[in-house]
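Worksheet: one structure, shown below.
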Protein chains: 2
Amino acid sequence: MQDLRDESVNTIYLDPPFMTNKKQSLSSRDGEHFYYEDSWETKEDYIRFIEERLIEMHRVLRHDGSLFFHCDRNATHLIRFALDKIFGEENFISEIIWTYRRWSNSKKGLMNSHQTIYMYSKSDEFKFNQMYQSYSETTNIDQILQLRSRDANNKASYAIDKDGKTIVKNNKAGVPLSDVWDIPFLNPKAKERCGYPTQKPLLLLERIIEISTDVGDSILDPFCGSGTTLVAASQMGRFSIGIDIAQEAVDISRSRLEKPVKTESRLLEVGRDAYNQSLSELSSILYGIDYTLIQRNKGLDALLSSKYSDKPIFIRIQRQGEDLRQAIQKMALSLRNKGSEVSFLIAIEPSNSLIDYSHPNIVVINSLSMSISGSIASKQNNAKVLM
Amino acid sequence: MQDLRDESVNTIYLDPPFMTNKKQSLSSRDGEHFYYEDSWETKEDYIRFIEERLIEMHRVLRHDGSLFFHCDRNATHLIRFALDKIFGEENFISEIIWTYRRWSNSKKGLMNSHQTIYMYSKSDEFKFNQMYQSYSETTNIDQILQLRSRDANNKASYAIDKDGKTIVKNNKAGVPLSDVWDIPFLNPKAKERCGYPTQKPLLLLERIIEISTDVGDSILDPFCGSGTTLVAASQMGRFSIGIDIAQEAVDISRSRLEKPVKTESRLLEVGRDAYNQSLSELSSILYGIDYTLIQRNKGLDALLSSKYSDKPIFIRIQRQGEDLRQAIQKMALSLRNKGSEVSFLIAIEPSNSLIDYSHPNIVVINSLSMSISGSIASKQNNAKVLM
DNA sequence: CCCCGCCCTGAATCGAATC
DNA sequence: GGATTCGATTCAGGGCGGG
């Protein structure tokens, strides 16, 4: 870093290692008291180590630049102190929370499923490209589409044109990007993985680069590891400088830069909501039944929490406009290898033919609304006959 | 707090004020340099203030208790230092992120849309009730259902029994609850609001109480403000102690405890907790049918929009623990002057006697969950008979 | 009592099979 | 034949057991 000129880079991202190993080796060597002492020593060393480098980073960062510090869960407070000291409290911009879902375990307590990234600027003239996210589901659509004005008493209301109609305002971008980022954790099977242990998803770096730099700007990663920052920067037309003490890291970064691989994630493409379309419908039909939702299988909708002779019980709800025969076939197909002895199909429409296509493991039940309307219809028919 | 005995409370929740006012008044009076100095002074005072109280809290907390510290965004690192000092680093359990969507402003930078709650225990025997959330949208059922094994090369695959069928495991409740909690911010118009500035949503406190205490346990809130903690605790059958220096706060807390109001957030409709039970049952049962809710009649719950031979059709749902005979009687009473020729009573529990008390205008229909459990029970009986 | 390594778990991609 | 579906797979956190 010493080779870099003053105020020469636009953005710095770093994800330095936290010395947990060192701490552990020390703990095994000495008694408990020493373990504590040593661990504290290590922390002080660690902070000194970080601060020395932060001073250099502050020097090479441009006046309108910003720095993103990716923290270990155990050191966030130490790092924020160091940052306050070297960049100044008044330049603390955001505490970014990167949240993700990950393979679970049965630990006592809550699942750790976030990491912290501190954003600091060098001055309040820092460069920032506003990004937008979609509106909350509960936002009133009128609010987005209609222009608002204020009357004489400064009371806000929808603006009205000369014909008395509300004025529709187009292309509202959305809500300014939140500081909580839900970005999938790099999956064990992802092609994007290159074998480096703490590899970060490209999308995370892309977002950081997007909000803080323009095309042609420069990015520094002083602990570049597998080189994710460099790959993201080069794909986005930014210059980048990566530094790492390990030769291995430099090699991986080089090879990744030559052949960048980005995961084509379906989840990222279509978004989480795409999976959840029928959720509310389901929960209202299955109210009072203890179940687990099944998201990714067209033949099954829910798994009951109770069992029948130790075999799972599934539920499926007939789709609107779907023939009952089709529904049974789909369900039967999905049940093939699941070892279920009883499962339930809930019919929501009267079938137009007798059920001659029944299946041994599937019980067809009428939804309540169907029972009610059926019952009314039969009463009416009786009434007609009586008349 | 000094009146409380050692190790006497199970959980402590606190959300103390951060001294921003003092800091600001100082900053406006003096030049920039002084502003800094003074602000630091204030921070040290603040930390001393917090630490003194944390020591008392540590004293009154039970051995298996835990503490939840709701932090101001500007002081998270200071607070974590104080907590590490007084509770011990090894008792740091979780950094809980409460995220919400809020009304946007056009500030430069990311929208602040989270707050931090630190969870510390007094020992590693802390009480913890595991809560579960639903599986990810991308999880497939086979993983939940099927046992896996490893071959000689330690490669994982689904286990197969001697008949070549996959082995079904026990059902799971879901994934252990994450440390990132998406709970709607108290809407400015919400009924739940009682005018206190930093009021927290009941749901947030309910979750904290749920994971850390059992019925009959005690909760202390030493900065109780508007008393949300006390309201949540009393609704959940826990004892609670609230302390506040402001008489106003104590008054508000008292009145809220007498008349608790909870917002039914539309965002949480899908979650079973937030749902008004009878409303939800109705919407489930009447899914796909047009109806009007009947609010203040013990004998009737809804009026269908369709009619039977020009006479109204009513719906009633059997109450939990209510005998079917009682239900019919109540309904019949309410129907007396309504001129209905067909109405429906939805049974939610199997009746212990044959219905010899039927009523000409009332049709009894089984709820869906009852149909399913009844069907399972009869299958099991058949199986027994066959054996 | 501590440490190492095996085991269980589930997110999300992969990729074969199916539509 | 392109898109979709869904069974299979990998890997790391943390528990637990054995040395």
Side-chain angles (χ1 to χ4, degrees), chain A residues 20-21 23-32 35 72-74 99-115 182-203 261-272 274-275 292-301 303 314 326 329-331 333-339, chain B residues 93-94 124 128 130 132-160 165-167 169-179:
Chain A
T20 28
N21 297 338
K23 193 169 131 195
Q24 278 170 5
S25 77
L26 282 169
S27 78
S28 67
R29 193 152 46 95
D30 298 320
E32 204 174 40
Y35 158 74
D72 182 281
R73 147 190 164 92
N74 297 302
T99 107
Y100 44 82
R101 286 175 142 265
R102 217 168 42 155
W103 47 87
S104 71
N105 53 46
S106 48
K107 137 180 146 76
K108 181 178 175 182
L110 303 164
M111 284 271 295
N112 303 335
S113 43
H114 76 273
Q115 291 176 25
D182 187 347
I183 294 177
F185 196 87
L186 207 59
N187 190 273
K189 284 267 295 184
K191 278 189 195 150
E192 193 178 314
R193 259 179 194 268
C194 64
Y196 208 82
T198 57
Q199 193 183 343
K200 299 294 175 297
L202 262 175
L203 189 68
V261 179
K262 187 180 174 184
T263 304
E264 297 297 331
S265 162
R266 183 171 159 73
L267 181 66
L268 286 178
E269 252 170 53
V270 303
R272 287 210 138 85
Y275 291 88
T292 303
L293 264 182
I294 294 170
Q295 303 259 18
R296 237 179 43 120
N297 190 310
K298 283 270 187 292
L300 305 170
D301 288 331
L303 168 65
F314 295 95
Q326 279 172 30
Q329 281 170 347
K330 270 196 182 147
M331 192 170 179
L333 205 66
S334 289
L335 282 175
R336 245 182 329 159
N337 299 317
K338 302 285 184 287
Chain B
I93 306 297
S94 279
D124 54 8
F128 191 87
Q130 191 61 266
Y132 295 90
Q133 58 186 70
S134 54
Y135 288 96
S136 162
E137 300 80 1
T138 55
T139 302
N140 65 46
I141 359 143
D142 298 326
Q143 269 193 335
I144 305 168
L145 282 179
Q146 292 173 208
L147 196 72
R148 274 172 289 179
S149 63
R150 283 170 193 278
D151 65 13
N153 302 325
N154 206 32
K155 216 180 120 179
S157 62
Y158 293 125
I160 286 172
K165 284 191 172 175
T166 52
I167 301 163
K169 278 185 317 183
N170 283 334
N171 291 341
K172 286 308 190 56
V175 177
L177 187 64
S178 149
D179 57 4

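As the structure is a computational prediction, the values presented were derived from the model and not from experiment. Protein chains get the first letters and strands the later ones, always in sequence-line order, with residue 1 at the start of each.
Whole-Å rounding puts the A:M331 CE to D:dT5 P distance at 18 Å. Remark: C1' of D:dC6 and CG of B:D142 are 8 Å apart, rounded to the nearest angstrom. Rounded to an integer number of Å, the gap from CD of A:Q199 to P of D:dT10 is 18 Å. With rounding to whole Å, A:Y100 atom OH is found 14 Å from D:dC11 atom C1'. Between A:D301 atom CG and D:dT5 atom P there is a gap of 14 Å when expressed in whole angstrom units. Spacing between atom CD of A:Q326 and atom P of C:dC19 amounts to 13 Å, rounded to whole angstrom units. The nearest whole Å value for the distance from the CZ atom in A:R336 to the P atom in C:dT18 is 8 Å. Regarding A:L335, its CG atom lies at a distance of 14 Å from the C1' atom of D:dC6, rounded to whole Å.
Closest to the side chain of B:Y135, from the set D:dG7, C:dG10, C:dA12, is C:dG10. Closest contact between the side chain of B:T138 and the listed nucleotides C:dA12, C:dG15, C:dG10 involves C:dA12. The side chain of A:K191 lies closest to C:dC14, out of C:dC14, D:dT5, C:dG10. If you check D:dG14, D:dT10, C:dT9 against the side chain of B:Q143, the one that comes closest is D:dT10. Considering only side-chain atoms of A:N187, the nucleotide from D:dG13, C:dA12, C:dG15 that sits closest is C:dA12.
With hydrogens and angles left out, the side-chain atoms of B:Q143 and B:Y135 include no donor and acceptor closer than 3.5 Å.
Annotation: side chain to side chain donor-acceptor pair (under 3.5 Å) contacts of A:K330 (sequence neighbours excluded): none. Qualifying side chain to side chain donor-acceptor pair (under 3.5 Å) partners for A:N297, counting only residues two or more places apart in sequence or in other chains: A:S334.
Under the 30°/60° scheme for interplanar angles, the aromatic rings of A:W103 and A:F185 are found to stand perpendicular.
Residue side chain A:R296 reaches the base of D:dG7 through a donor-acceptor N/O pair under 3.5 Å, judged by distance alone.
Look at B:N140 and you won't find any side-chain N or O under 4.0 angstrom from OP1 or OP2 of C:dT13. Proximity of B:S136 to the phosphate of C:dA12: a side-chain N or O atom is located under 4.0 Å from OP1 or OP2. Contact annotation: A:N297 reaches the phosphate of D:dC6 (side-chain N/O to OP1 or OP2, under 4.0 Å). Considering only side-chain N and O atoms, A:K330 lies nowhere under 4.0 angstrom from the phosphate OP1 or OP2 of D:dT5.
Between B:G174 and A:L333, the residue whose closest nucleotide on DNA chain C is further toward the 5' end is B:G174.
Taking 4.0 Å as the cut-off between side-chain N and carboxylate O, B:D142 and A:K338 count as a salt-bridged pair.
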